[in-house]
Amino acid sequence: MKEILYRSTRGGASGVKASEAILQGLAEDGGLFVPETMPVLDVKIEDLAGKSYQEIAYEVMKLFLTDYMEEDLKYCISHAYDSKFDTEEIAPIRKADGAYYLELFHGSTIAFKDMALSILPYLMTTAARMNHITDEIVILTATSGDTGKAALAGFADVPGTRIIVFFPDGGVSPIQKKQMVTQKGANCKVVAVRGNFDDCQTGVKNIFNDKAVKKEMAENGFRFSSANSINIGRLVPQIVYYVYSYATLLSRGVVKNGDPLNVVVPTGNFGNILAAYYAKLIGVPIGKLICASNENKVLFDFFQTGAYDRNREFMLTSSPSMDILISSNLERLIFRIAGDDAEKNVAMMNALSKDGRYEITDEMKVQLSDFRAGFADEAQTAEEIAALYRDADYIIDTHTAVASHVYRNYCSETGDTAPAVIASTASPYKFTRSVMTAIDKKYDAMGDFELVDALSVLSGVAVPRAIEDIRSAEVLHNTVCEIAQMEDVVKAFLGLK
């Protein structure tokens with residue numbers, strides 16, 4: 001098998017092995033690691049039909065993580081995708097009202113981030129052993145709600161690691177916050193930041209890129225890595241479930257071999273839909289990649305105009321994991337459509353940092369023909385939840401509702417009848433108030449955990465263990481800081497201050 005090496009989107013690193021890229025998280029020059037050459041599936045898609053999630057995961061991940069030994073990679077996969085998921089399929093596909101909902105929320109924190117963050121600690125600790133790393137790995141992560149808890153759950157009490165999660169104070173759902181601030185683990189730290197997600201994400205990147213901080217860390221036996229989707233070890237496992245979706249729908253006769261399958265993804269940081277794009281590049285017959293935004297529709301505007309502009313009001317919505325104006329993973333796509341030209345990419349990223357906007361060339365726009373975009377406002381999101389419950393007796397969360405609404409608009413506008421899989425990125429139990437009041441305003445008078453029980457009755461789905469566990473859990477993390485204090489919080493947790 002051909003060895004796949006990685007390079008930075010900003011030109012400062014190349015020839016990097018997968019395990020090294022996973023350990024670093026972000027390249028030294030601030031860029032993101034991408035494959036120097038894109039691998040191709042070396043098994044026929046029809047031969048994957050009917051295979052288990054774990055079997056398909058190996059066939060996909062071995063293409064990208066070529067320096068991992070077969071037994072190591074299979075160990076990581078089998079320990080990640082096990083009984084912590086509450087369904088044997090790992091990612092069930094549910095048909096409702098003519099669309100196929102890929103349920104990515106059956107892991108331990110009931111959101112799609114579990115799909116990658118269940119395996120990242122195994123990939124990372126294996127990579128540390130492979131590269132003879134003895135430093136303690138410090139996971140530094142910003143979250144808009146879901147990555148944080150999934151990363152905390154994955155890394156809690158993992159030897160040789162510590163994890164610090166920053167989230168926007170007031171910018172996550174009550175359930176999301178409770179999940180994070182009750183996290184156990186001596187190596188875990190959770191911090192609310194007085195700012196929005198973009199502030200948290202920028203703060204984390206600034207700490208990563210501070211050479212003086214890195215030097216101090218190294219002198220004290222620490223090294224940073226990331227659990228955000230900027231880490232290639234997060235992105236590769238996400239490619240798996242799009243390959244799995246096609247193979248599964250092929251086995252069901254929903255698609256014929258080679259026929260296109262459209263993919264619809266509720267999108268904030270762009271990693272999830274980028275994974276679908278990578279699945280297409282390695283040979284999966286994916287048709288259109290439909291990018292769904294909420295009222296923070298910076299990505300919708302980008303795909304419509306070719307201009308990325310974050311100079312706009314930041315909206316707090318009922319789909320907070322998409323309340324993002326700086327979509328980090330878009331840089332990987334920009335680098336590719338710029339012809340892998342790091343200089344062009346750097347110019348645009350510098351413009352984004354300095355002026356808050358950049359614009360791609362007409363030549364680059366042509367290469368975005370696989371993508372479509374749409375958005376849903378708050379009223380449309382609520383109506384989609386109500387309509388799907390009314391018409392199909394199926395309850396979805398707010399983020400999935402954004403994607404579902406955008407998909408129906410896409411179908412009516414284009415007449416495209418190809419089957420579509422909609423990434424259902426979170427359990428409705430994470431956003432009970434928004435979901436239940438969309439169905440009936442009477443539920444707004446209930447408390448958060450009364451709503452949980454009401455949702456269970458309405459949906460016929462048992463309350464997930466992740467929710468039951470936090471009903472009476474003790475709050476263990478109550479640190480709140482200003483944006484400028486984030487570095488001090490990190491140093492204090494590591495005993496450097």
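When a residue number appears, it is its place in the shown sequence, counting from 1. Computed from a predicted structure; not experimentally measured. As a basis for the values below, the full set of heavy atoms in this structure was taken, side chains included, without hydrogen atoms, waters or symmetry mates.
Taken from CD1 in Ile273 to CG in Leu299, the straight-line distance is 8.5 Å, to the nearest 0.5 Å. Summarising the geometry, atom SG belonging to Cys76 is positioned 8.5 Å from atom OH belonging to Tyr122; distances are rounded to the nearest 0.5 Å.
A salt bridge does not link Asp157 with Lys184: every distance from a Lys NZ or Arg NE/NH1/NH2 to an Asp or Glu carboxylate oxygen is 4.0 Å or more. For the pair Lys51 and Glu59, the salt-bridge criterion is not met [side-chain N within less than 4.0 Å of a carboxylate O].
In this structure a side-chain-to-backbone donor-acceptor pair under 3.5 Å is missing from Ser404 to Ala401. The backbone N or O of Leu388 sits nowhere less than 3.5 Å from a side-chain atom of Asp97 that would complete a donor-acceptor pair. A donor-acceptor contact shorter than 3.5 Å links the side chain of Lys178 to the backbone of Ile470. Here the side chain of Arg332 pairs a donor or acceptor atom with the backbone of Ile230 at under 3.5 angstrom. In terms of modelled atom types and a separation under 3.5 Å, the side chain of Arg162 and the main chain of Phe493 share a donor-acceptor contact. Although no hydrogens or angles enter the test, the distance criterion places a donor-acceptor pair under 3.5 Å between the side chain of Gln367 and the main chain of Ile337. In this structure, Asn296 contributes its side chain and Asp323 its backbone to no donor-acceptor pair below 3.5 Å. Ser225 contributes a side-chain N or O that, together with a main-chain N or O of Ile22, makes up a donor-acceptor pair within less than 3.5 Å. The closest donor-acceptor contact from the side chain of Asn262 to the backbone of Lys288 lies under 3.5 Å. In terms of modelled atom types and a separation under 3.5 Å, the side chain of Ser327 and the main chain of Gly268 share a donor-acceptor contact.
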Check: For Ile4 and Leu63, what are the C-alpha separation, side-chain angles and deciding distance, and is it a side-chain contact (heavy atoms from CB on, under 4.5 Å)?
Finding: CA-CA 8 Å; Ile4 299 297; Leu63 302 175; 6.0 Å; no
Next item on the list: For Met130 and Tyr68, run side-chain contact (heavy atoms from CB on, under 4.5 Å): C-alpha distance rounded to whole Å, both residues' side-chain angles, the deciding distance at 0.1 Å, then the answer.
Entry: CA-CA 8 Å; Met130 290 163 59; Tyr68 282 73; 4.0 Å; yes
Next item on the list: Let me see the working for Lys84 and Asp114 under salt bridge (Lys or Arg N to Asp or Glu O under 4.0 Å), right down to the final yes or no.
Entry: CA-CA 10 Å; Lys84 70 174 68 70; Asp114 287 323; over 6 Å; no
Next item on the list: Start with the C-alpha distance between Tyr100 and Arg94, add both sets of side-chain angles, then the distance that settles side-chain contact (heavy atoms from CB on, under 4.5 Å), and finish with yes or no.
Entry: CA-CA 6 Å; Tyr100 294 87; Arg94 171 83 176 268; over 6 Å; no
Note to self: Set out, in order, the CA-CA distance, both residues' side-chain angles and the distance that settles salt bridge (Lys or Arg N to Asp or Glu O under 4.0 Å) for Arg223 and Glu136, then state yes or no.
What the structure shows: CA-CA 6 Å; Arg223 61 184 292 152; Glu136 194 165 357; over 6 Å; no
Next item on the list: Evaluate the side-chain contact (heavy atoms from CB on, under 4.5 Å) criterion for residues Gln183 and Val165: first the C-alpha distance (whole Å), next the side-chain angles of each, then the deciding distance (0.1 Å), finally the verdict.
Entry: CA-CA 11 Å; Gln183 177 66 50; Val165 169; over 6 Å; no
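Taking the side-chain hydrogen bond (donor to acceptor under 3.5 Å, both in side chains) definition, one finds that Glu55 meets it with Ser52, sequence neighbours left out. Under the salt bridge (Lys or Arg N to Asp or Glu O under 4.0 Å) criterion, Glu70 pairs with Lys74, sequence neighbours left out. Partners of Ala279 under the side chain to side chain contact (heavy atoms under 4.5 Å, CB included) rule, at least two apart in sequence or in another chain, are Ile239, Tyr242, Val243, Val284, Ile286. Partners of Tyr53 by ring-ring contact (aromatic ring centres under 6.0 Å, His included), not counting sequence neighbours, listed by chain and number: Tyr81, Tyr244. For Phe303, the ring-ring contact (aromatic ring centres under 6.0 Å, His included) test picks out Phe371, with sequence neighbours left out. Every residue two or more places apart in sequence or in another chain that forms a side chain to side chain contact (heavy atoms under 4.5 Å, CB included) with Ser456 is listed here: Tyr429, Val463. A search for side-chain hydrogen bond (donor to acceptor under 3.5 Å, both in side chains) contacts involving Ser229 returns Asn329, not counting sequence neighbours. Checked against ring-ring contact (aromatic ring centres under 6.0 Å, His included), Phe167 has no partners two or more places apart in sequence or in another chain. Residues passing the ring-ring contact (aromatic ring centres under 6.0 Å, His included) test with Phe431 are His399, sequence neighbours excluded. The side chain to side chain contact (heavy atoms under 4.5 Å, CB included) search around Phe208 returns Leu26, Leu140, Val204, Phe224, Ser226, not counting sequence neighbours.
Ile119 is listed as a side-chain neighbour of Met61, based on a closest heavy-atom distance under 4.5 Å. For the pair Phe270 and Phe302, the minimum side-chain heavy-atom distance is 4.5 Å or more. Side-chain contact between His106 and Ile90 is absent, with no heavy atoms from C-beta onward closer than 4.5 Å. Using a 4.5 Å heavy-atom cutoff, the side chains of Val213 and Lys491 are in contact. Counting heavy atoms from C-beta on, the side chains of Val490 and Phe166 come closer than 4.5 Å. Side-chain atoms of Phe105 and Asp397, non-hydrogen and from C-beta on, never get closer than 4.5 Å to each other. With contacts defined as side-chain heavy-atom distances shorter than 4.5 Å, the pair Val263/Ile290 does not qualify. Put simply, the side chain of Glu89 does not reach to within 4.5 Å of the side chain of Glu103, judged on heavy atoms.
Of the candidates Asn187, Ile163, Leu494, Thr161, Val138 forms a side chain to side chain contact (heavy atoms under 4.5 Å, CB included) with just one, namely Leu494. Remark: of the listed residues Ser321, Pro320, Ser173, Ser321 is the sole one forming a side chain to side chain contact (heavy atoms under 4.5 Å, CB included) with Asp146.
Shown here is Glu88, whose CD atom has no more than 12 heavy atoms of other residues, nucleotides or ligands within 6.0 Å. Dense packing is recorded around CZ of Arg471, with more than 12 heavy atoms of other residues, nucleotides or ligands lying under 6.0 Å away. Atom NZ of Lys177 has 12 or fewer neighbouring heavy atoms from other residues, nucleotides or ligands inside a 6.0 Å radius.
Between Phe112 and Tyr241, the distance separating the two ring centers is not shorter than 6.0 angstrom.
With no hydrogens or angles considered, a side-chain donor-acceptor pair links Thr400 and Ser424 at under 3.5 Å. Side chain to side chain, Asn269 and Gln201 meet the donor-acceptor criterion of an N or O pair below 3.5 Å. Side chains of Gln176 and Lys149: no donor on one and acceptor on the other come within 3.5 Å. No donor-acceptor contact under 3.5 angstrom links the side chains of Thr126 and Asp72, judged on distance only. For the 3.5 Å distance criterion, the side chains of Glu3 and Thr66 fail to qualify, holding no donor opposite an acceptor.
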Considering only distance and modelled atom types, tabulate donor-acceptor pairs under 3.5 Å from the side chains of residues 34-46, sequence neighbours left out.
unit_1 : atom_1 : unit_2 : atom_2 : d
Glu36  : OE2    : Gly15  : N      : 2.6
Glu46  : OE1    : Asn257 : ND2    : 2.9

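Residue pairs that meet the salt bridge (charged side-chain N to carboxylate O under 4.0 Å, His left out) test with at least one member in residues 260-287, sequence neighbours left out, are Lys280-Asp370.
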